[in-house]
Protein chains: 2
Amino acid sequence: MDLITPDRPVVTVEEICELLGYAPASAYRYVRELAGAGYLVRLPTGYALGPRIIELDLQMRENDPLLTQSRNLVEGIAEKTGLSVLISELYEEKVVAVFQEHAPNENITFGRGRSMPLFRGATTRVIMAHLMPKRLRRLYDKHAESPDAIAIGADWRSFSRAMLEIRKAGYCLSKGELDNKNAGIAAPILDGNNRVFGAVTIVGTIDRFSAFNDSFLVSTVKTAAETISTFIRGDVSSRQEKTSSK
Amino acid sequence: MDLITPDRPVVTVEEICELLGYAPASAYRYVRELAGAGYLVRLPTGYALGPRIIELDLQMRENDPLLTQSRNLVEGIAEKTGLSVLISELYEEKVVAVFQEHAPNENITFGRGRSMPLFRGATTRVIMAHLMPKRLRRLYDKHAESPDAIAIGADWRSFSRAMLEIRKAGYCLSKGELDNKNAGIAAPILDGNNRVFGAVTIVGTIDRFSAFNDSFLVSTVKTAAETISTFIRGDVSSRQEKTSSK
DNA sequence: TCCATTATTATCATAATACGATAATTTTGA
DNA sequence: TCAAAATTATCGTATTATGATAATAATGGA
C-alpha cells in the first residue's frame, strides 16, 4: 500500500512485481485478495487504495478510546489557547498524529496522518525519551549517523543524558524543528508502568506561542497528557468487569 | 479489526481467541504483528485500532485519483445546490462512501465510511444494477429472503427487470430509504467496458430535494459520474507512458 | 469483425511458514 | 517478595504460499 504515492497514485501489477520482487502470479493473487477485502480498488489503469481504509478511519474516530475520551479535553485547550493540539502514537519508526484539533490560521506540515521524522520535533522526542532503555539504544545505534540524532547528542552518553532530561522534565519543547515558523510542546501518554503510548502536543506559530508563559503551556500539556493517561488505564468503558469466581 | 465496536472499543487477547476461535499463542502472534505494523495499538486494557489507519487515510485523501480528481467537481455541485454529494465504492457486500462533501444542515446516517446495506438506497441500487449479470445473480440468490431484496423484486425475473430499468435510465432515485427524511439520486462510475467501480450520489432532505426539477438533478448527477468515469479511465496522471520498443 | 498481443487466472509440485501444544519467561498485583 | 496471570519461545506437523508453466480472457488495432 505504501507504493501509492503522489507520483504514483495508481500502481500497476507490473510495478508491484518490479518494486517488491514478486512473480506476476503472486502479485496478481495479492492484489486480488486485497481488492476483495477493500484495501485496494481496481481502476482501469491499476490499483488504488480502497474503501476499507475509509471504513476503518470512521471506526477509529468513533471507537478509539484515545480519541473519544480525549476529544473534549483537546478541543477545550485549542479553544482556550487558539493553538492546535495533536494526539500522536508511535509505530515502527514513525510517530503519527491520530487526532488533530486545528486552530484557525495554523499551518502544520506534520498534522493528522503525516508521519514525523524521528529525533526531530517535540512530539517525537518526548516519545523517544520515554521508550524502554534498550529500545531507545537500538533506535539510536541505528540512526547514530543522522544529523537529527547528532543534534541531540553526538554519542550515546550525551544522547541518553538529553533524553533523561526530557523524561525528568515530563515534557519537551521545540521551536522551528518541523516547521520553521512553528513551536510545539509535548507531554507523554503513559500506562501504569510508565511505558509510553503516545503524546499530546500543543502547536502554534512561534509568535503566538510567545504570548503564553512557558509554565502555562507546560502545565496545560502535562495535565492533559496525565488526564488522558488515566482515561486509558482505567478504560473499562462500557464493558462489564469480570469479577467472576473462576 | 472488525471486533472493535462501540460496545467493545478495546479488545483483549482473550476475546479474540473466543470470538475468532484462535489458540492463545496464535492470537498473541497476530496482535503483536498487527501492532508492530501500526494497525493495532496496545493499550493497558487491550488492543485498539492503530495509527497506520490514520496514515493510510491521509495517503488516500492525497493520492486517490477518484478523490483528487473529483474534489472540485463535487464541491461545485454541493455549493450550487446546497445538497450533499457522496462518492462511493463497492467491496465485498458493502458500499462505502469514500468522499463526502457535506452541505450545511444535512443529516446523513450513511456518510463517509459507514457501509450501506445492500438493496437499499439509490447508491447501492445503482451500483448493483451495473454489476455483471452473474455476480448480480449470486448476490440476489444469497439475499433473496431479505425484505429489502423482495421490495425490489420478489423473484429473480422481476428483480433483474427492475435492475435493467435502472441500468437503462443510468441513474437511481430514492426517497426515505436510508434516512426517512432524506432523498438521494445516484449515477454509476464506469470503466471503459461498463464495469462499475462506484457511484456519485446527491443527497438531501426530501424537502430540499423537491425544490429542484428531477431532470436537473438527473442530469447533474449523470454528468458528474460521467466526468469522473472519464478521469479515471484516462488516468495517467503524472506517470510517463511507456512507448518503449520492447 | 477478426486476430495477435497482452493481461489475468488456473494448475500443481515444492518450499516455506503458520499453527497450536507445551514449556519457559516475564509481568502483574497483593 | 511471591504466587498467579500474561506473554513469548520452542518445535513438530499440517497447512498454505509461492512461482513456473499452461490455459484462458481481455484488449487494441487492422
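No experiment lies behind these values; they were computed from the predicted model shown. Residue numbering restarts at 1 for every chain, and letters A, B, ... go by the order of the sequence lines.
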Between the protein and nucleotides 24-26 of chain C, which nitrogen or oxygen pairs are less than 3.5 angstrom apart?
none

Sort me out a list of protein N/O and nucleotides 27-30 of chain C N/O pairs below 3.5 Å, or just none if empty.
{"from": "C:dT28", "atom 1": "OP1", "to": "A:Asn193", "atom 2": "ND2", "distance (Å)": "3.1"}
{"from": "C:dT28", "atom 1": "OP1", "to": "A:Arg195", "atom 2": "NH2", "distance (Å)": "3.3"}
{"from": "C:dT28", "atom 1": "OP2", "to": "A:Asn193", "atom 2": "ND2", "distance (Å)": "2.9"}

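Here the shortest heavy-atom pairing between B:Phe119 and B:Ser146 reads CD1-OG, 4.4 Å.
Sorted by first and then second residue, the salt bridge (charged side-chain N to carboxylate O under 4.0 Å, His left out) pairs with a member in residues 37-56 of chain A read A:Arg52-A:Glu55, A:Arg52-B:Asp2, A:Glu55-B:Lys94; sequence neighbours excluded. Residue pairs meeting the side chain to side chain donor-acceptor pair (under 3.5 Å) criterion with at least one member in residues 59-68 of chain A, sequence neighbours excluded: A:Asp57-A:Arg61, A:Glu62-B:Arg114.
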Side-chain donor-acceptor pairs of residues 23-33 of chain A under 3.5 Å, sequence neighbours excluded:
{"from": "A:Ser26", "atom 1": "OG", "to": "A:Arg29", "atom 2": "NH2", "distance (Å)": "3.4"}

Do any side-chain atoms of residues 161-174 of chain B form donor-acceptor pairs under 3.5 angstrom with protein atoms, and if so which ones, sequence neighbours left out?
{"from": "B:Arg167", "atom 1": "NH1", "to": "B:Ala129", "atom 2": "O", "distance (Å)": "2.7"}
{"from": "B:Ser174", "atom 1": "OG", "to": "B:Ala122", "atom 2": "N", "distance (Å)": "3.3"}

For residues 191-199 of chain A, dump all side-chain donor-acceptor pairs below 3.5 Å to protein atoms at least two apart in sequence or in another chain.
{"from": "A:Asp191", "atom 1": "OD1", "to": "A:Asn193", "atom 2": "N", "distance (Å)": "2.7"}
{"from": "A:Asp191", "atom 1": "OD1", "to": "A:Asn194", "atom 2": "N", "distance (Å)": "3.2"}
{"from": "A:Asp191", "atom 1": "OD1", "to": "A:Arg195", "atom 2": "N", "distance (Å)": "2.9"}

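Rounded to a whole Å, the CG atom of B:Leu43 is 13 Å from the P atom of D:dT7. Here D:dA26 presents its P atom at 14 Å from CG of B:Asn194, a figure rounded to the nearest Å.
Looking at residues 27-36 of chain A, you'll see A:Tyr28, A:Arg32 sit with a heavy atom under 4.0 Å from some atom of DNA chain C.
Under a 3.5 Å cut-off, the side chain of A:Arg8 and the backbone N or O of A:Leu3 do form a donor-acceptor pair. Checked by atom type and distance alone, the side chain of B:Thr124 pairs as donor or acceptor with a backbone atom of B:Pro117 at under 3.5 Å.
The nearest heavy atom of DNA chain C to B:Pro24 and to A:Arg42 marks one nucleotide each, and the one closer to the 5' end goes with A:Arg42.
Atom CD1 of B:Ile152 is separated from atom OG of B:Ser160 by 11.5 Å, given to the nearest 0.5 angstrom.
B:Glu93 meets the salt bridge (Lys or Arg N to Asp or Glu O under 4.0 Å) test with B:Lys142; sequence neighbours excluded. Remark: A:Asp148 engages A:Arg120 in a salt bridge (Lys or Arg N to Asp or Glu O under 4.0 Å) (not counting sequence neighbours). For A:Tyr39, the ring pair (Phe, Tyr, Trp, His ring centres under 6.0 Å) criterion is met by no residue, not counting sequence neighbours.
In this structure, the helix from C:dT1-D:dA30 to C:dA30-D:dT1 shows an angle of 70° between the axis at its start and the axis at its end, each fitted on 5 base pairs and rounded to 10°.
The side chain of A:Ser26 places no N or O atom within less than 4.0 Å of a non-bridging phosphate oxygen (OP1 or OP2) of D:dT18.
For A:Thr123 and A:Thr201, the side-chain atoms include at least one donor-acceptor pair closer than 3.5 Å.
Of the listed nucleotides (C:dT8, D:dA20, C:dA21), D:dA20 has the atom at the smallest distance from the side chain of A:Ala25.
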